[in-house]
Amino acid sequence: EMKRRGIGRPSTYATIVSKLLERGYVIERNGFLIPTKLGKQVYEFLKNQEKVMPFVSEEFTRKLEKLMDEVEEGKQDYKKIFEELYKEVSEFEKALY
């Protein structure tokens with residue numbers, strides 16, 4: 001599902017799933033991950049944060065994944081990306097206060 005949604009990297013999938021299990025956000029049954037009540041609550045909380053904190057959204061994550069791929073392929077300069085992301089975060093932070 002993470003691959004289909006364009007979030008996470010294959011090298012991080014196992015770590016992410018382990019952390020979800022460890023924190024009690026999901027349980028494993030018959031090879032499937034089932035969200036717990038806590039997992040659903042955390043998901044709803046984060047989903048609502050997208051309105052005020054766009055950096056927790058799947059869309060933002062997909063954007064970062066694409067940029068990382070472009071850096072890896074030599075199509076983007078990582079320093080330029082960091083500068084742009086820093087500017088974006090700083091502008092958002094200023095708008096909050």
Side-chain angles (χ1 to χ4, degrees):
E1 183 64 19
M2 291 172 66
K3 183 177 182 177
R4 187 184 71 73
R5 290 182 176 208
I7 56 175
R9 315 281 277 167
S11 62
T12 64
Y13 294 158
T15 303
I16 292 168
V17 170
S18 292
K19 196 57 75 174
L20 292 172
L21 288 163
E22 178 185 312
R23 293 186 179 169
Y25 301 148
V26 297
I27 57 171
E28 188 272 328
R29 270 204 199 125
N30 301 322
F32 292 93
L33 296 175
I34 311 296
T36 62
K37 182 179 178 182
L38 175 62
K40 291 176 184 178
Q41 290 171 332
V42 169
Y43 174 78
E44 287 302 316
F45 174 79
L46 290 174
K47 190 169 84 170
N48 290 328
Q49 296 307 305
E50 289 180 22
K51 297 170 188 155
V52 294
M53 187 75 162
F55 308 108
V56 299
S57 71
E58 284 187 17
E59 182 181 329
F60 185 77
T61 301
R62 272 190 292 280
K63 174 184 166 183
L64 288 180
E65 296 290 339
K66 184 176 183 279
L67 290 171
M68 286 190 292
D69 289 341
E70 290 175 359
V71 167
E72 186 178 336
E73 295 165 3
K75 296 177 181 175
Q76 289 274 358
D77 176 36
Y78 78 93
K79 291 178 185 176
K80 182 179 177 192
I81 291 171
F82 279 134
E83 288 171 4
E84 290 172 10
L85 288 172
Y86 181 80
K87 181 181 175 186
E88 192 174 336
V89 171
S90 295
E91 288 173 4
F92 179 78
E93 183 181 37
K94 287 177 190 175
L96 283 178
Y97 302 104

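Basis for what follows: all heavy atoms, side chains included, without hydrogens, waters or symmetry-related copies.
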Colleague: Which heavy-atom pair separates V56 from L46 by the least distance, and what is that distance?
Modeller: CG2-O, 3.7 Å

Colleague: Return the CD1 to CG distance between I81 and L67, rounded to the nearest 0.5 Å.
Modeller: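 If I round to the nearest 0.5 Å, the distance is 4.5 Å.
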
Colleague: With a 3.5 Å distance limit and no angle check, can you tell me whether T12 reaches the backbone of G8 through a side-chain donor-acceptor pair?
Modeller: no

Colleague: How about Y43 and P35: do any of their side-chain heavy atoms sit closer than 4.5 Å?
Modeller: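 Not in contact.
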
Colleague: Please name the residue in the list L85, L64, V89 that meets the side-chain contact (heavy atoms from CB on, under 4.5 Å) test with F55.
Modeller: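 Option passing the side-chain contact (heavy atoms from CB on, under 4.5 Å) with F55: V89.
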
Colleague: Should the pair K40-E44 be classified as a salt bridge under the 4.0 Å nitrogen-to-oxygen rule?
Modeller: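 The answer is no: the pair does not qualify as a salt bridge.
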
Colleague: Which heavy atom in L38 sits nearest to a heavy atom in R23, and how many Å separate them?
Modeller: CD2-O, 3.7 Å

Colleague: May I ask whether Y25 and F45 are part of the same hydrophobic cluster, defined by side-chain heavy atoms of I, L, V, M, F, W, Y residues being less than 4.5 angstrom apart, directly or through others?
Modeller: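 Y25 and F45: one cluster.
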
Colleague: Determine, for E59 against R62, whether the closest basic-nitrogen to carboxylate-oxygen distance falls under 4.0 angstrom.
Modeller: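 Salt bridge flag = no for R62 with E59.
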
Colleague: For Y13, I'd like to know if atom OH has over 12 heavy atoms of other residues, nucleotides or ligands within 6.0 Å.
Modeller: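 Correct, the count exceeds 12.
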
Colleague: Evaluate salt bridge (Lys or Arg N to Asp or Glu O under 4.0 Å) for K80 paired with E83, printing each intermediate quantity in order.
Modeller: CA-CA 5 Å; K80 182 179 177 192; E83 288 171 4; over 6 Å; no

Colleague: Of all heavy-atom pairs between I7 and E58, which one has the smallest distance, and what is that distance?
Modeller: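 Shortest heavy-atom separation between I7 and E58 comes out as CG2-O, 3.9 Å.
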
Colleague: Can we say K87 and E84 salt-bridge, meaning some charged N sits less than 4.0 Å from an Asp/Glu carboxylate O?
Modeller: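 Salt bridge: no.
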
Colleague: Side-chain contact test, heavy atoms from C-beta onward, threshold under 4.5 Å: evaluate it for D69 versus R9 and give yes or no.
Modeller: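 Yes, at least one pair of side-chain atoms sits under 4.5 Å.
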
Colleague: Pick one: which of V42, I27, L20 meets side-chain contact (heavy atoms from CB on, under 4.5 Å) with T36?
Modeller: I27

Colleague: In this structure, would V71 and Y86 fall into the same cluster of hydrophobic residues linked by side-chain contacts under 4.5 Å?
Modeller: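 Different clusters.
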
Colleague: Nearest 0.5 Å, please: how far is CZ in R5 from CD in E65?
Modeller: 14.0 Å

